[in-house]
Amino acid sequence: MAFSKAITLEDVHRIKRPGLGYIYRGKITVGDLFGALNEGDVRYAPRYQRGYKPGAEVSEAEYDQLVDIKTKDLNIERPRAQAIAAKYLMAIAGEGNKVLYNPDVIWNARRDPHRRDPQYEPDQRVLQIYSAITIPDSGHRHFAYYLIGAWHAGVEPVPDAVVIEPTSGESVPGEKLREWLNAFNPYDVEDSSILVEVFNLDKEQEGRLFDEYNDESKPASNAASIDLYDDKTPSRRFVSKLMASCRIFSRAEIETRSNTIGSKSRKLTTNATMEAAIRPFSKKLLELERQEGFDDLVSFFCAFYEEWGAHYPVYLPESTAEARQALRTKSFALSNVIFFPMFRLAFDLWWKKYKGAKAEWRRDNSWKDALAKLAGEVEIEVESGAEGAKTKRTVKVPVMARDVDGDEENPGNPAWRERVLVPKFDRQGKLSGWTLSSTRVTRDAAYSYLRDVSGLRDVLD
C-alpha cells in the first residue's frame, strides 16, 4: 500500500531497544484514531495478526493485503469490541463500575525500502510516519475506538443494547450509549486521548511481535485475577461477599493466588473453584443484585456450609492441613469437584424453594435433613474371596466415600463411577482403573446423584 501523505504524531517520546531500534510513544485522540482507521491510514495485516475468521472464503493471496479494520470476516469479534467501547464511554461519563484499564494501542510503521523511515524531531517531540501503519496487536481496542467514532459521527447506528458481561448478560441500553455519546467530545485532548506505541519493523518482525504479545505472555492465574478484580462480574461479587460473610470461606481459608491447593496447604478450596461453581447462575445473581435477595442467598450459603461443617468438621476454620488432606484422599466431601454440584444444590434449593420468602429457610429443617443424608451412608454389595469362590455381602459406606480399587476392607462408593470417575484402559484396551474427571458432564452427573440421595428431586425438578 502506498501513502500519499505523512502521518504526524505530536508529544512523542522515544527510546532505543536492542535489536529493534527506536520505539515511539505518543498520544492520539479517539476522534483522530477513528479518522485514521476510517480513511485507511492505519490498516490491518491479516497475515501477521489474527487473520480471517475460520471458514471465511478468502484466497491465500488476500492474507498479504493490508485491509481496513472494518473489512468483513476479519477475526475480530464485534460484540467484544462493542463491550470495550461501552466501557470506555461509561468511564468517561463517570457512571457504573466498568473501566477500561488498558486503553493503549500499538502500531507498526512498517519498514519499507521504498519509503522513508519515521522522522523524529526531538526538540518539538514530533514524529512523522511515511510508510504503511499496521496493527500488530490491540485489534479489538482499535475496532472499539472505530465504533465509538462511527457511532458519534453517525457512520454506524448505535446498537439497541451492548452486552458488557457475556456470562451474566449485563448490558447497556442504546439510549444510555446515545446519552454518553452526545456528551462526549472525541477530539478533547484532555479526556479523549489514548496512548499509542509505534514500532518500526519489517513485516516478518511484525509477526514475531504479535507472537510475543499473544503467545509468550503468561496470563495471571484465574484465582489471582478474581482476587485483584473481585467486583468485575456477579459471580465474582458473590464469592467476594461469601468470603467476607462466612467464617468457613474467609480469606484465611481460601486460596486466592493459585488455581490449585498445594499438598501441604491447609486451604479449603480456591476462589477460582468457587467462582466457576457459581458462574452458571450469573444472570440470576445479576437479577438478585438489581432487585433483592442477593444478601439472603449469601446468608443461606453460609448456613448451608456451617451445617455441612457439622458433619465434616474439616470445613471449620480450626481444621489442620493434615486433617483436610487426609479427608481428600478417602472422600469426595472436600474434593474440589464436589463444590460444583454442592453450590448448584444450594443455589437451586434457595431459588426454587426459598426465593422471596426471605427468612423461611431459617425456620425449615428440610435442607438440613438433606445434608444429613449426603453425609450419611448407602448400602452397596461387595465381593470377597478367591477367584471362583467369591462371596457377596452388603455393607454400608459413606455417600462421599472415594471408590478405592481392590480394597475389600475399605470399599468406596461405586456410584461415583461413570459420574466424576471415568474409566482408564491399558494398552490392550482393558479396564485398568478409574480417574477423577471434572467436566460439565461429570459435574452434572454428580449433581443428579446428590439431588437423588438427598431426597430433593421433587423439590428441585
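Keep in mind that the numbers below use all heavy atoms, side chains included, and drop hydrogens, waters and symmetry copies.
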Distance-only donor-acceptor hits, side chain of residues 147-156, under 3.5 Å, sequence neighbours excluded:
from, atom 1, to, atom 2, distance (Å)
His152, NE2, Phe184, O, 2.9
Glu156, OE1, Arg78, NH1, 2.9

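- Under the side chain to side chain donor-acceptor pair (under 3.5 Å) rule, Asp104 has a single partner from Lys27, Arg25, Arg141, which is Arg25.
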Only distances under 3.5 Å count here; give the side-chain donor-acceptor pairs of residues 268-277 to other protein atoms, sequence neighbours excluded, each with its distance to 0.1 Å.
from, atom 1, to, atom 2, distance (Å)
Thr269, OG1, Asn336, OD1, 2.9
Thr270, OG1, Ala272, N, 3.4
Thr270, OG1, Thr273, N, 2.9
Thr270, OG1, Thr273, OG1, 2.9
Asn271, ND2, Ala223, O, 3.1
Thr273, OG1, Asn336, ND2, 3.3
Glu275, OE1, Arg279, NE, 3.3
Glu275, OE1, Arg279, NH2, 2.6
Glu275, OE2, Ser235, OG, 2.6
Glu275, OE2, Arg279, NE, 3.2

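- Counting heavy atoms of neighbouring residues, nucleotides and ligands inside a 6.0 Å radius, atom CD of Glu318 exceeds 12 of them.
- A side-chain donor-acceptor contact under 3.5 Å links Arg237 to the backbone of Asp231.
- Within the model, atoms CZ of Phe143 and NZ of Lys70 stand 9.5 Å from one another, a figure rounded to the nearest 0.5 Å.
- Taking the ring-ring contact (aromatic ring centres under 6.0 Å, His included) definition, one finds that Tyr44 meets it with nothing, sequence neighbours left out.
- The aromatic ring centroids of Trp308 and Tyr312 lie less than 6.0 Å from each other.
- Checked against the 6.0 Å centroid threshold, Trp350 and Phe301 do not count as a close aromatic pair.
- Arg266 and Thr320 are not linked by any side-chain donor-acceptor pair at a separation below 3.5 angstrom, with hydrogens and angles left out of the test.
- Put simply, the side chain of Tyr145 gets close to the backbone of Pro103: a donor and an acceptor are under 3.5 Å apart.
- At a cut-off of 3.5 Å, with distance as the only test, no side-chain donor of Tyr24 or Asn200 sits close to an acceptor on the other residue.
- Residues Glu62 and Ser59 have side chains that bring a donor and an acceptor to within less than 3.5 angstrom of each other.
- For the residue pair Asn108 and Lys203, no side-chain donor N or O sits within less than 3.5 Å of a side-chain acceptor on the partner.
- Between the side chains of Ser299 and Asp296, no donor-acceptor pair is found at a separation under 3.5 Å.
- Using a 3.5 Å distance cut-off with no hydrogens or angles, the side chains of Asp68 and Tyr146 do not pair a donor with an acceptor.
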